[in-house]
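A quick write-up on the structure given underneath.
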Amino acid sequence: MKYRLATLAFALAITANAHAASGTTHGNAAAGHLVYLHQCSGCHSNLPGADRFGPTLYGVYGRKAGSAPLHHYSAAMHASKIVWNATTLNGFLTNPHAYMPGTIMPYSGLKNPQMRINLIAYLKSISPQKSP
Ligand code: HEC
């Protein structure tokens with residue numbers, strides 16, 4: 001519990017910074033962190049180099065698809081040549097199998113648009129190397 005509160009405070013601080021820096025962040029990273037905890041953390045860590053069943057989501061924003069060290073990806077993920085950003089994450093997370101036929105991510109999709117925007121803001125906040 002202590003850890004979760006600390007993480008939440010961290011996410012809030014990052015959101016505040018992102019707002020101050022760009023003024024263009026519409027997602028709420030703290031709310032997105034809760035989505036991550038409920039829907040993604042069973043398969044995905046948010047720490048560097050810590051793969052679970054899925055690759056770590058630390059640094060995923062701005063990363064080439066299929067490039068986390070240690071992880072075994074599907075051929076589809078390797079071949080996709082996608083870079084994860086707000087647009088590609090939104091497409092993939094809406095319906096992974098429609099967006100990327102052949103992906104082995106066993107997840108049917110996050111249908112609520114605001115939850116996706118918040119989740120993407122959270123993924124950006126745990127990606128120190130983020131690109132536009
Ligand atoms: C039941 C397990 C599971 C759940 C739940 C899950 N994933 Fe995944 N995820 C995977 C696996 C396995 C892969 C690798 C897919 C492949 O190689 O085709 C993956 C791949 C990904 C990738 C590509 C990462 C990269 O390094 O290229 C992203 C982004 C992603 N997941 C985000 C999410 C998010 C965000 C959620 C929550 C909404 C989520 N996933 C829920 C198992 C899961």
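For clarity, every value in this text was computed on a predicted model and none was experimentally measured. No hydrogens, no waters, no symmetry mates; every other heavy atom, side chains included, goes into these values. Counting starts at 1 for both ligands and their atoms, following the listed order.
- Of all protein heavy atoms, the one lying nearest to atom 29 (C) of ligand 1 is Leu89 CD2, 3.6 Å.
- With contacts defined as side-chain heavy-atom distances shorter than 4.5 Å, the pair Met115/Asn118 does not qualify.
- Residue contact check for ligand 1: Gly42 places no non-hydrogen atom closer than 4.0 Å to it.
- Ligand 1 is never approached by Val35 to a heavy-atom distance shorter than 4.0 Å.
- For the pair Thr94 and Tyr99, the minimum side-chain heavy-atom distance is 4.5 Å or more.
- Considering each of Phe92, Tyr122, Tyr73, the one bringing a non-hydrogen atom nearest atom 22 (C) of ligand 1 is Phe92.
- In the vicinity of Ile104, heavy-atom distances shorter than 4.0 Å reach the ligand 1 atoms 12 (C), 15 (C), 16 (C), 17 (O), 18 (O).
- Residue Tyr36 places every heavy atom at 4.0 Å or more from ligand 1.
- Close approach of ligand 1 to Leu93 (heavy-atom distance below 4.0 Å) involves ligand atoms 32 (C), 33 (C), 34 (C), 35 (C).
- If you take OG on Ser125 and NE2 on His33, they are separated by 8.5 Å, rounding to the nearest 0.5 Å.
- Residues Tyr122 and Asn46 have side chains that bring a donor and an acceptor to within less than 3.5 angstrom of each other.
- A 4.5 Å side-chain heavy-atom check between Leu119 and Leu93 finds at least one atom pair inside the cut-off.
- In the vicinity of Trp84, heavy-atom distances shorter than 4.0 Å reach the ligand 1 atoms 23 (C), 24 (C), 25 (C), 27 (O).
- In terms of protein heavy-atom proximity, atom 5 (C) of ligand 1 is nearest to Gln39 O, 3.4 Å.
- Considering backbone and side-chain atoms together, Arg63 places an N or O closer than 3.5 Å to an N or O of ligand 1.
- Closest to atom 15 (C) of ligand 1, if we only count protein heavy atoms, is Thr103 OG1, 3.6 Å.
- In this view, Asn90 and Arg116 satisfy the side-chain hydrogen bond (donor to acceptor under 3.5 Å, both in side chains) rule, not counting sequence neighbours.
- Considering only heavy atoms from C-beta on, Thr103 comes within 4.5 Å of His97 through its side chain.
- Annotation: Gly66 places an N or O atom under 3.5 Å from an N or O atom of ligand 1; distance criterion only.
- Counting the atoms of ligand 1 from 1 in the order shown, those under 4.0 Å from a heavy atom of Ala65 are 27 (O).
- With sequence neighbours left out, the side-chain contact (heavy atoms from CB on, under 4.5 Å) criterion links His78 to Tyr73.
- Within the model, atoms NE2 of His72 and CG of Asp51 stand 9.0 Å from one another, a figure rounded to the nearest 0.5 Å.
- In this structure, His44 and Phe53 have side chains that are not in contact, with every pair of non-hydrogen atoms separated by 4.5 Å or more.
- The shortest contact between atom 18 (O) of ligand 1 and any protein heavy atom is with Ser74 OG, 2.5 Å.
- Summarising the local packing, NZ of Lys111 is surrounded by more than 12 heavy atoms from other residues, nucleotides or ligands at distances under 6.0 Å.
- Taking a cut-off of under 4.0 Å to the non-hydrogen atoms of Leu119, the atoms of ligand 1 that pass are 35 (C), 38 (C).
- Excluding water, every protein N/O/S atom under 2.8 Å from atom 8 (Fe) of ligand 1 is given here by residue and atom: His44 NE2, Met105 SD.
- For His72, no nitrogen or oxygen atom sits less than 3.5 Å from a nitrogen or oxygen atom of ligand 1, counting backbone and side chain alike.
- By the side-chain contact (heavy atoms from CB on, under 4.5 Å) test, Ser74 is found to be paired with Ala76, Met77, Ile104, residues two or more places apart in sequence or in another chain being considered.
- Residues Ile120 and Tyr61 are in side-chain contact: their nearest non-hydrogen atoms beyond the backbone lie under 4.5 Å apart.
- Note on ligand 1: Leu110 sits outside its first shell, no heavy atom being nearer than 4.0 Å.
- With a 4.5 Å cut-off on side-chain heavy atoms, Tyr58 and Leu47 do not count as touching.
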